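Inspection log for the structure reproduced underneath, given as structure tokens.
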Amino acid sequence: MLPRRCSRLVRTLHVSQKCQNLVGPNDPVSNLRPIIYTDTPNSPPKTQSEVGLNHPYSLREFSNEPPSPNHALELQYKLKREQLDTLNHSYWAESNTRFEAAKASVLSSIPDSASSETREHALSEFFKKWVVQEQDRQELYSREWRKRNFEVIVLGARIEYRRFKQRILG
């Protein structure tokens, strides 16, 4: 058993928060599962007691106190996180749409009387050409995604660091 002073410190350092983010079913075009973040203003309330807090005419959401130092940073974090999700969804929806159209074009050019081996060979050649054709585009997307994802991670780390300091210092 920890001494009382140590157990208090452990409780102070404990950072787990209940995350209630919701994950939806796969999008039919992008094939990505959308996330509904419950820490955003438009998210559904988590408990019955919070129903009044998110009501469009509730005065509880307004306070006379100035926003916390983390407020602007948290808003920036949430905005960047949602922009990253939008970038990801847009890229894969557009890419998959173009891929399916090109694949359908290849399949329509093969006569109905063609053997399954002929179809497989045509699709294999199509896939090979598709990967080469999309390589530069994929690299640009990956670079942009990594850059934005790193920004989101850094913002999240700064927020957690500030929260940690607030818990430790008072």
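One is the number of the first residue; the rest follow in order along the sequence. Note: hydrogens, waters and symmetry copies are ignored here, and every other heavy atom, side chains too, is used. This structure is a prediction, so every number in the text was calculated from the model and none was measured.
- Note that NZ of K129 is 10.0 Å distant from CZ of F126, once rounded to the nearest 0.5 Å.
- Residues passing the side-chain hydrogen bond (donor to acceptor under 3.5 Å, both in side chains) test with E125, sequence neighbours excluded: K128.
- Separation of atoms OG1 (T118) and CD1 (I110) is listed at 7.5 Å; rounding is to 0.5 Å.
- Atom CG of L79 sits about 11.5 Å away from atom CG of L84, to the nearest 0.5 Å.
- In terms of heavy atoms, S30 sits closest to H89 at OG-ND1, 3.0 Å.
- Between V106 and A122, the shortest heavy-atom contact is CG1-O, 4.1 Å.
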Candidate pair R167 and F164, rule side-chain contact (heavy atoms from CB on, under 4.5 Å), full reasoning: CA-CA 5 Å; R167 280 195 307 272; F164 175 74; 4.0 Å; yes
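- The distance from the CG atom of N96 to the CG atom of L32 is 8.0 Å, given to the nearest 0.5 Å.
- F150 belongs to a hydrophobic cluster whose remaining members, ordered by chain and number, are V154; membership requires side-chain heavy atoms of ILVMFWY residues under 4.5 Å apart, directly or through intermediates.
- Side chain of S90 to backbone of T86: a donor-acceptor contact under 3.5 angstrom is found.
- Evaluation of the salt bridge (charged side-chain N to carboxylate O under 4.0 Å, His left out) test over residues 144-156, restricted to residues two or more places apart or in two chains, returns K80-E151, E144-K147, E144-R148.
- By the criterion of side-chain heavy atoms lying less than 4.5 angstrom apart, applied directly or through intervening Ile, Leu, Val, Met, Phe, Trp or Tyr residues, I153 is not grouped with L155; the two fall into different hydrophobic clusters.
- Remark: I35 CD1 to N21 CG distance equals 7.0 Å, nearest 0.5 Å.
- Checked against side-chain hydrogen bond (donor to acceptor under 3.5 Å, both in side chains), N26 has the following partners two or more places apart in sequence or in another chain: N31.
- Applying the side-chain hydrogen bond (donor to acceptor under 3.5 Å, both in side chains) test to S116 and every residue at least two apart in sequence or in another chain returns nothing.
- In this structure P28 satisfies the side-chain contact (heavy atoms from CB on, under 4.5 Å) test with no other residue, sequence neighbours excluded.
- With sequence neighbours left out, Y141 forms a side-chain hydrogen bond (donor to acceptor under 3.5 Å, both in side chains) with N88, W92.
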Report all side-chain donor-acceptor pairs from residues 97-104 shorter than 3.5 Å, counting only partners two or more places apart or in another chain.
from, atom 1, to, atom 2, distance (Å)
T97, OG1, A93, O, 2.7
R98, NE, E94, OE2, 2.9
R98, NH1, E134, OE2, 3.3
R98, NH2, E134, OE1, 2.5
R98, NH2, E134, OE2, 2.9

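- No side-chain donor from either of S105 and S108 sits under 3.5 Å from a side-chain acceptor of the other.
- Residue pairs satisfying the ring pair (Phe, Tyr, Trp, His ring centres under 6.0 Å) criterion with at least one member in residues 105-125, sequence neighbours excluded, are absent.
- Among residues two or more places apart in sequence or in another chain, the side-chain contact (heavy atoms from CB on, under 4.5 Å) test is passed with I159 by L73, E74, Y77, R163.
- In this model, a donor atom of one side chain and an acceptor atom of the other lie less than 3.5 Å apart for Q138 and S142.
- Atom OH of Y37 and atom NZ of K78 lie 12.0 Å apart (nearest 0.5 Å).
- Screening residues 112-124 for salt bridge (charged side-chain N to carboxylate O under 4.0 Å, His left out), with sequence neighbours left out, gives no hits.
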